[in-house]
Visitor: 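Structure below; questions to follow.
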Amino acid sequence: MKKVQIKTVKGFNEVLPPESFRWRQVEDKFRNLLEGYGFAELRLALLEPTELFARSIGGETDIVEKEMYTFIDRSERSLTLRPEGTASVVRAYNQYSLGKSNEINKLYYIGPMFRYERPQKGRYRQFHQLGAEVFGEESFYQDAETLVMLAQLFHTLSIKGVELHLNSLGCEACRPLFRDQLKDYLSRHQAGLCDDCRRRGAENPLRALDCKNPQCREAVAEAPSIGDALCCDCRQHFAGLCALLADAGIAFQINPRLVRGLDYYTRTTFEFLAGDLGAQNAVAAGGRYDRLVEELGGQPTPAFGFAVGFERLMMLVGSEVAPLTLPVAALLPLSEEALRRLFPLHVELNRRAQMTTLSFQHKSLKSQLKKADKDGVRYALIVGPDELAQDEALCRNMRTKEQTKLPFAEIGEFLWERYHEH
RNA sequence: GUGGGUGUAGCUCAGUUGGUUAGAGCGCAGGAUUGUGGCUCCUGAGGUCGAGGGUUCGACCCCCUCUACUCACCCCA
């Protein structure tokens with residue numbers, strides 16, 4: 001080990017080849033799918049005024065209370081590395097008045113998010129999300145379309161065994177009533193609750209439903225169910241969504257305990273759960289947030305969105321990689337003169353496509369062939385003094401070992417044809 | 001923030017009750033073949049054994065502290 005190696009910060013993991021190829025393949029599939037549904041990409045700032053997240057995610061949530069990378073910059077402003085994407089998208093939607101032009105109401109993003117938590121399997125301090133938001137559509141058809149699209153994403157990636165869990169949290173008309181009911185229930189059952197849930201009772205009672213403490217689960221088992229408390233409109237919205245999903249052949253479970261960790265959700269919330277994610281189980285989650293745009297200073301605008309945890313998604317994607325494109329041939333110069341002759345050819349060929357490799361060092365033919373073999377090229381073009389004198393290369397087929405003479409003038413065409421064969 | 005596990009070569013890991021030159025496989029480099037790869041064989045490079053302190057004649061091994069990684073709790077994508 002060297003002295004004082006500088007290393008990455010804890011929880012900030014970097015993606016090296018060949019993993020980076022797999023990442024891009026999955027990203028590409030996501031982009032293609034989303035753009036097929038009319039989504040357009042947004043590339044947003046990673047750093048935002050702290051206030052944005054405090055207002056959107058909710059001041060009482062764990063994310064805001066203890067998980068944000070927040071610091072004061074040189075002009076004394078409090079800034080935060082974004083812990084999630086939706087707040088920024090909504091901020092941008094308002095800031096640039098994206099709602100004024102109808103065609104741009106479906107937006108997606110891919111990028112890093114930051115949360116100051118202890119890293120573990122499937123959870124990192126810098127992690128990545130693929131997310132999308134739809135603005136201006138209140139219909140449950142929108143909820144259904146988005147969920148069907150997500151199911152397609154998993155299907156496209158050959159991921160099996162993800163379960164869709166659904167719930168409705170109601171709207172501003174019925175949720176406060178339910179909150180009161182629940183608060184009331186919790187205060188009557190304080191004895192059975194953990195410390196956290198007792199504290200939550202007042203500010204964020206819904207979270208108690210979601211507590212993993214077995215004691216709490218028991219205490220909450222008889223609590224009022226949100227499903228019973230929904231108003232007429234919310235009930236219809238949710239029923240409509242469920243019917244569409246059933247018609248589309250998408251399996252789902254209604255989970256009245258499903259409460260999101262962020263405060264802005266209304267009506268539909270969902271999670272796609274999977275095993276094989278370590279102690280984590282959510283690979284994607286989201287829902288409807290009909291009030292947030294307005295709360296962040298925009299026009300009243302219903303919205304629906306989701307985020308996929310990219311690292312978690314990658315854990316579910318099999319390790320099989322689409323074969324990488326390999327160079328067609330290795331150029332093997334056996335002298336300085338040969339190298340000088342081959343270099344312009346090499347540069348010219350690779351301008352069009354990945355065609356050749358070329359060693360700039362004087363190595364033995366043997367070691368160059370070894371390298372060519374390892375690189376998986378189909379041909380080796382050997383050029384030594386003899387070939388140079390004849391203005392040709394010795395073309396060796398690496399599989400059949402057959403060798404033929406190939407004039408320099410024909411190399412380009414020869415390789416270009418072989419390039420398209422594979 | 002709390003708890004457990006693990007730090008030995010580029011990678012994956014051995015290392016006996018504490019004993020003198022710390023090993024293997026893979027990978028890398030070279031050779032066996034004056035200009036011919038994969039298989040085989042030979043050779044080589046590469047380690048302050050995570051860091052510091054302690055016990056001991058002697059520490060990779062035992063003790064303490066720190067640190068990193070990792071898994072889990074909390075919570076979340």
Side-chain angles (χ1 to χ4, degrees), chain A residues 1-5 7-11 13 16 57 60-68 82-86 110-131 150 194-197 199-200 204 207 210-213 216 259-262 270-274 277-287 305-316 330 332-335 338 361-388 393-403:
Chain A
M1 299 293 159
K2 287 123 204 154
K3 291 180 185 175
V4 201
Q5 254 301 4
K7 301 195 302 182
T8 50
V9 173
K10 180 202 289 285
N13 299 330
L16 276 38
I57 297 171
E60 306 298 324
T61 59
D62 280 7
I63 293 178
V64 172
E65 276 181 352
K66 57 183 195 186
E67 295 175 1
M68 296 204 305
R82 63 180 186 185
E84 60 112 29
T86 299
I110 296 180
M113 306 293 163
F114 306 87
R115 291 185 200 174
Y116 192 90
E117 306 175 88
R118 285 290 282 268
Q120 68 186 71
K121 193 176 178 65
R123 197 180 61 194
Y124 311 102
R125 289 185 170 180
Q126 175 178 323
F127 62 105
H128 297 78
Q129 289 187 336
L130 318 174
L150 267 174
C194 68
D195 292 346
D196 280 339
C197 286
R199 195 166 45 78
R200 282 169 188 152
N204 207 343
R207 288 276 301 287
D210 186 41
C211 186
K212 282 173 188 163
N213 187 318
C216 295
V259 175
R260 314 278 31 267
L262 295 72
F270 70 90
E271 285 183 351
F272 280 90
L273 304 181
L277 290 179
Q280 324 305 327
N281 61 0
V283 62
F306 67 85
V308 180
F310 196 80
E311 284 84 353
R312 294 181 187 180
L313 186 68
M314 292 307 290
M315 283 194 270
L316 300 175
L332 311 186
L334 299 182
S335 68
Q361 294 172 19
H362 291 101
K363 295 216 169 165
S364 67
L365 176 58
K366 176 197 179 76
S367 71
Q368 292 201 56
L369 273 170
K370 216 183 240 181
K371 182 77 163 53
D373 185 46
K374 223 170 300 178
D375 290 343
V377 301
R378 284 174 278 159
Y379 295 90
L381 301 189
I382 302 162
V383 178
D386 297 349
E387 288 77 16
L388 217 45
L394 186 59
C395 177
R396 178 179 176 84
N397 182 317
M398 294 296 281
R399 193 173 50 79
T400 65
K401 299 187 179 187
E402 185 185 0
Q403 298 191 155

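When reading the values below, keep in mind they use all heavy atoms of this one structure, side chains included, and skip hydrogens, waters and symmetry mates. Letters go in sequence order (proteins before strands), and every chain restarts at 1.
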Visitor: Please work out if A:Leu332 contacts a base, only the sugar-phosphate, or nothing of the nucleic acid, heavy-atom cut-off 4.0 Å.
Guide: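 Contact class for A:Leu332: none.
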Visitor: Report yes if the side chains of A:Arg123 and A:Arg312 come closer than 4.5 Å at any heavy-atom pair, otherwise no.
Guide: yes
Visitor: Whole-Å distance between B:G30 P and A:Leu369 CG?
Guide: 13 Å
Visitor: Quiz question: going by heavy-atom distance under 3.5 Å, is there a donor-acceptor pair between the base of B:G35 and the side chain of A:Lys363?
Guide: no
Visitor: Identify all stems in which RNA chain B takes part, counting only runs of at least 3 consecutive pairs (Watson-Crick or G-U wobble, each distance under 3.5 Å), and give each as one range with another, ordered by first number.
Guide: B:1-7 with B:67-73, B:10-13 with B:23-26, B:28-32 with B:40-44, B:50-54 with B:62-66
Visitor: With rounding to whole Å, what would you report as the distance between B:U21 and B:A59 at their P atoms?
Guide: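 Rounded to whole Å, the distance is 11 Å.
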Visitor: Whole angstrom is fine here: how far is it from CG in A:Asp375 over to C1' in B:G37?
Guide: 11 Å
Visitor: At less than 3.5 Å, do the side-chain atoms of A:Gln368 and the base atoms of B:G35 form a donor-acceptor pair?
Guide: no
Visitor: Would you mind building the protein contact string for nucleotides 70-77 of chain B? One character per nucleotide, 5' to 3', B for base within reach (heavy atoms under 4.0 Å), S for sugar-phosphate only, - for untouched.
Guide: -SBBBBBB
Visitor: In whole angstrom, what separates A:Leu365's CG from B:G35's C1'?
Guide: 5 Å
Visitor: Can a donor-acceptor pair be found, under 3.5 Å and without considering hydrogens, that links the side chain of A:Arg125 to the backbone of A:Glu117?
Guide: yes
Visitor: If you measure from the C1' atom in B:G27 to the same atom in B:U17, how many Å do you get, rounded?
Guide: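 Here B:G27 and B:U17 have their C1' atoms 36 Å from each other.
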Visitor: Measure NZ/A:Lys374 against P/B:C26 and give the value in whole Å, please.
Guide: 13 Å
Visitor: If I take atom CG in residue A:Leu381 and atom C1' in nucleotide B:G35, what distance separates them, rounded to the nearest angstrom?
Guide: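 From A:Leu381 CG to B:G35 C1': 15 Å.
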Visitor: Distance check needed: B:A29 C1' versus A:His362 NE2, whole Å only.
Guide: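 The answer, rounded to whole Å, is 18 Å.
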Visitor: Applying side-chain contact (heavy atoms from CB on, under 4.5 Å) to A:Leu332 and A:Arg396, what does each step give before you reach the verdict?
Guide: CA-CA 11 Å; A:Leu332 311 186; A:Arg396 178 179 176 84; over 6 Å; no
Visitor: Just by distance, do the side chain of A:Gln368 and the backbone of A:Pro333 share a donor-acceptor pair under 3.5 Å?
Guide: yes
Visitor: Please examine the side chains of A:Ile110 and A:His128, heavy atoms only from C-beta on, and report whether any two atoms are closer than 4.5 Å.
Guide: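 A side-chain contact under 4.5 Å is absent here.
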Visitor: Looking only at atom C1', what distance separates B:C28 and B:C75, rounded to whole Å?
Guide: 45 Å
Visitor: Base, sugar-phosphate alone, or nothing: which one does A:Glu387 contact when heavy atoms must sit under 4.0 Å apart?
Guide: base
Visitor: Find the distance A:Lys401:NZ to B:G35:P and express it as a whole number of Å.
Guide: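 Result: 19 Å.
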Visitor: Is the shortest heavy-atom distance from the side chain of A:Asn13 to the side chain of A:Thr8 under 4.5 Å?
Guide: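 No, their side chains stay 4.5 Å or more apart.
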Visitor: Taking the P atom in each of B:U2 and B:U65, what is the distance between them to the nearest angstrom?
Guide: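 Looking at atom P only, B:U2 and B:U65 are 15 Å apart.
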Visitor: C1' atom, B:C61 versus B:A29: distance in rounded Å?
Guide: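 Each nucleotide's C1' atom is 34 Å from the other's.
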Visitor: State which residues pass side-chain contact (heavy atoms from CB on, under 4.5 Å) with A:Asp375; sequence neighbours excluded, sorted by chain then number.
Guide: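 Checked A:Asp375 against side-chain contact (heavy atoms from CB on, under 4.5 Å); matches are A:Thr357, A:Lys371, A:Val377.
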Visitor: Separation of A:Lys366 atom NZ from B:U34 atom C1', in whole Å?
Guide: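 Distance check: A:Lys366 NZ to B:U34 C1' gives 13 Å.
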Visitor: Is there a side-chain contact between A:Glu84 and A:Ile57 in this structure, where contact means two heavy atoms from C-beta onward sitting under 4.5 Å apart?
Guide: yes
Visitor: When all nucleic acid strands are considered with a 4.0 Å heavy-atom cut-off, which category describes A:Lys7: base, sugar-phosphate, or nothing?
Guide: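 Sugar-phosphate only.
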Visitor: When you look at A:Val308 and A:Leu150, which way does the side-chain contact (heavy atoms from CB on, under 4.5 Å) test go after all the steps?
Guide: CA-CA 9 Å; A:Val308 180; A:Leu150 267 174; 3.8 Å; yes
Visitor: Need to verify one output field. Residue with the more 5' nearest nucleotide on RNA chain B, A:Val377 or A:Tyr116?
Guide: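 First, find each residue's nearest nucleotide; the 5'-ward one identifies A:Tyr116.
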Visitor: What do the steps show when you test A:Gln280 against A:Gln120 for side-chain contact (heavy atoms from CB on, under 4.5 Å), and what is the final call?
Guide: CA-CA 9 Å; A:Gln280 324 305 327; A:Gln120 68 186 71; 2.8 Å; yes
Visitor: Expressed as a whole number of Å, how far does the P atom of B:G15 sit from that of B:U8?
Guide: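 Looking at atom P only, B:G15 and B:U8 are 14 Å apart.
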Visitor: What's the closest nucleotide to the side chain of A:Ile382 if the choices are B:G31, B:G30, B:G35?
Guide: B:G35
Visitor: Roughly how many Å apart are B:C49 and B:C62, using the C1' atom of each and rounding to a whole number?
Guide: 16 Å
Visitor: Mind checking the C1' distance from B:U34 to B:G38? Whole angstroms is fine.
Guide: 23 Å
Visitor: Hey, could you give me the OH/CD distance between A:Tyr379 and A:Gln403, rounded to the nearest 0.5 Å?
Guide: 12.5 Å
